[in-house]
2 protein chains.
Amino acid sequence: MIQVAINGYGTIGKRVADAVALQPDMEVLGVAKTRPNFEAEMAIEKGFPLYAAIEDRADQFAEAGLEIAGLVDELIADADVVVDATPSGIGAENKTLYEDHETPALYQGGEDADIADVSFNARSNYAEAIGVDHVRVVSCNTTGLSRVIAPLREAYGVEKVRATLVRRGGDPGQTGRGPINDILPNPVTIPSHHGPDVETIFDDLDIDTLGMKVPATLMHMHSLNVTLEEEVDADDVRDLFADESRLFLIPERFAIDGSGKLKEYAMDAGRPRADIWENCIWEESISTVGRDLYLFQGIHQESDVVPENVDAIRAVLGEADAETSVETTNETLGIGL
Amino acid sequence: MIQVAINGYGTIGKRVADAVALQPDMEVLGVAKTRPNFEAEMAIEKGFPLYAAIEDRADQFAEAGLEIAGLVDELIADADVVVDATPSGIGAENKTLYEDHETPALYQGGEDADIADVSFNARSNYAEAIGVDHVRVVSCNTTGLSRVIAPLREAYGVEKVRATLVRRGGDPGQTGRGPINDILPNPVTIPSHHGPDVETIFDDLDIDTLGMKVPATLMHMHSLNVTLEEEVDADDVRDLFADESRLFLIPERFAIDGSGKLKEYAMDAGRPRADIWENCIWEESISTVGRDLYLFQGIHQESDVVPENVDAIRAVLGEADAETSVETTNETLGIGL
């Protein structure tokens with residue numbers, strides 16, 4: 001059994017822990033947190049050993065009545081692999097800790113690409129991460145773009161990608177963020193970082209991205225244009241996407257008009273935390289004009305990287321090939337709406 | 001003096017009336033409204049003769065203590081030109097009224113293009129509307145796109161336009177509209193109607209547009225890509241746009257990050273109703289990658305068509321050429337932030 005440490009137990013960390021616990025070949029060795037809160041209490045309730053991420057603050061857990069298993073240092077020492085799910089920038093500070101213990105580490109997409117030897121998306125470049133000690137699982141938006149671009153490149157060739165990413169201002173629990181009642185070009189300068197980030201997955205791709213922020217919390221929405229190398233019928237693209245396990249084509253008959261109904265659907269389907277691990281592509285939106293392909297897709301910022309982290313664990317440890325890993329992850333999580 | 005009737009005194013009609021009243025060559029002969037409300041009262045306060053748009057409801061004005069000058073029929077009969085600023089679809093119903101009185105009529109962009117002989121944007125095709133009896137002033141978004149496309153076509157040639165229009169869910173006063181906390185592909189199908197609408201101005205243009213709706217009320221935001229026929233420096237495009245009177249280039253030093261600060265700026269500048277008649281283009285966003293030009297622009301949905309309506313009045317009556325009309329309109333309104 002692969003012993004997995006999870007450093008950082010917030011939005012991503014807690015989801016990765018739950019997903020790891022479902023894998024037949026993995027165990028949650030422990031989760032590390034900087035301070036006690038409801039998530040820390042629930043980690044203990046779930047039976048995940050809880051470690052203090054900051055020695056100076058370890059007492060706070062006892063004061064809050066929470067028993068910790070030790071300090072993060074011990075957790076990393078004992079683990080086969082660590083998933084760093086700390087806030088952007090903290091992963092870079094943690095790298096020496098992982099190096100000191102020679103524990104292979106996964107970082108999240110908020111870190112700079114150069115923190116790792118490989119940036120990872122299971123569908124696009126799983127094999128590149130096999131046996132690599134420092135791997136970065138790309139961000140939710142980059143994951144969402146890569147999952148669509150990979151099959152298009154293989155089937156038709158891609159001349160250029162242009163995407164406008166209309167991003168949720170914050171997650172539902174991030175009450176201090178904005179905007180309210182506004183549409184912000186964000187960043188104002190072009191391209192946004194997402195284009196170069198996708199190029200860490202496909203190094204020869206021509207892609208320009210533009211970002212905005214709006215007063216919504218549920219999901220991101222991509223307006224995607226891909227100029228293909230050949231003219232293709234929209235129906236063929238639909239068929240291509242239908243074969244991809246992590247692309248969910250929203251059927252017209254569902255009458256799902258946006259993120260709200262998508263999350264409602266996920267809740268009705270019994271998904272944990274109403275998570276949507278798949279890209280949500282409106283089937284009707286898939287259109288072609290000459291070699292230009294267009295579509296809308298919703299990206300659940302809190303969860304689409306979760307299966308990718310699980311696959312990356314197997315990749316860095318060389319425990320499975322891409323197909324086997326993705327199949328196991330999909331089956332255990334219940335991916336495939 | 002051109003005697004102008006304004007049929008419909010809501011968001012657009014009241015602004016057009018104020019703008020007409022400022023013109024040296026025009027007079028507001030009267031405004032027509034279906035029912036009394038605060039806007040009807042203010043029309044009278046401003047000295048605009050108020051007409052009942054629906055005979056059966058004329059009594060309501062008296063009941064509300066408002067003196068009307070007559071029925072819309074009389075107003076149209078006496079006017080040199082009528083600006084129809086009624087809700088989408090009502091303009092089409094009104095067309096026979098205008099024809100019966102042989103009064104040249106302007107319609108708004110919410111009407112189908114085939115209501116009129118010419119779709120109008122002052123910068124792009126003023127001359128086509130000269131002496132034409134039925135002219136449609138295109139919508140706020142189409143106006144915003146046309147103002148940018150016209151100079152680019154003239155200076156460099158345009159191969160293709162791709163635009164994502166992130167639209168405000170409703171105007172500030174439209175309390176019954178949504179979405180709240182969502183990002184809706186709208187329409188889900190591609191292209192949105194905006195692309196074909198821009199083609200009513202430039203009939204040989206290749207343009208694909210995608211629309212979304214978000215929980216904001218202040219302005220629309222365009223993520224615009226124009227593939228030019230030649231490679232151009234972004235600085236040259238900035239210079240080109242700086243010469244356009246209805247394009248406002250937001251300087252970086254203003255630290256304006258979105259619609260909220262833009263409207264705040266318009267209020268500080270003493271603009272009536274904080275109207276922003278110009279396209280608001282973030283100067284830093286103007287970028288080129290090979291022949292691809294990108295930019296973000298904010299479009300004030302309530303007011304950018306107002307100067308266009310004023311110019312269209314002069315065009316249909318053949319009272320001035322484009323340059324003279326635009327200059328007069330700009331000067332009287334105070335266009336040029």
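A, B, ... follow the sequence lines: proteins, then strands. Residue 1 opens every chain.
Interface residue A:Met219: only backbone heavy atoms are found under 4.5 Å from chain B. In this structure, chain B has no heavy atom under 4.5 Å from any part of A:Lys263. Proximity to chain B is absent for every atom of A:Ile180, based on heavy atoms less than 4.5 angstrom apart. Proximity to chain A (any heavy atom under 4.5 Å) is restricted, for B:Pro187, to the backbone atoms N, CA, C and O.
Judged purely by distance below 3.5 Å, without hydrogens or angles, the side chains of B:Asp197 and B:Thr142 pair a donor atom with an acceptor atom.
Ring-plane geometry between B:Phe254 and B:Phe248 is classed as tilted, the angle between the planes lying from 30 to 60 degrees on a 0 to 90 degree scale.
In terms of heavy-atom pairs under 4.5 angstrom with chain A, the leader among B:Ala216, B:Ser285, B:Pro185 is B:Pro185. Most heavy-atom pairs under 4.5 Å with chain A: of the set B:Leu184, B:Ile190, B:Asp292, this distinction falls to B:Ile190. Ranked by heavy-atom pairs under 4.5 Å with chain B, the first of A:Leu295, A:Leu218, A:Thr217 is A:Thr217. For the set B:Val214, B:Asn186, B:Ile286, B:Asp206, the entry with the most heavy-atom pairs within less than 4.5 Å of chain A is B:Val214. With chain A as partner, the option from B:Lys160, B:Glu252, B:His220, B:Arg168 having the largest number of non-hydrogen pairs under 4.5 angstrom is B:Lys160.
The CZ atom of A:Phe296 lies 14.5 Å from the SG atom of A:Cys280; values are rounded to the nearest 0.5 Å.
In this structure the side chain of B:Arg291 never reaches within 4.5 angstrom of the side chain of B:Tyr156, judged on heavy atoms. Counting heavy atoms from C-beta on, the side chains of B:Asn279 and B:His222 never come closer than 4.5 Å.
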CA sep, side-chain torsions, deciding dist, call: B:Leu152, B:Phe241, side-chain contact (heavy atoms from CB on, under 4.5 Å): CA-CA 9 Å; B:Leu152 291 174; B:Phe241 287 167; 3.9 Å; yes
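Judged as a salt bridge (charged side-chain N to carboxylate O under 4.0 Å, His left out), the pairs with a partner in residues 137-147 of chain A (not counting sequence neighbours) are, in order, A:Arg147-A:Glu308.
At a heavy-atom separation below 4.5 angstrom, chain B is approached by A:Asn225, A:Thr227 within residues 224-237 of chain A.
The one candidate from B:Arg123, B:Arg271, B:Arg246 that meets the salt bridge (Lys or Arg N to Asp or Glu O under 4.0 Å) condition with B:Glu278 is B:Arg271.
Looking at B:Thr209, its side chain does come within 3.5 Å of a backbone N or O of B:Gly195 through a donor-acceptor pair.
With respect to B:Lys213 and B:Asp182, no salt bridge is recorded, no charged nitrogen being found less than 4.0 Å from a carboxylate O.
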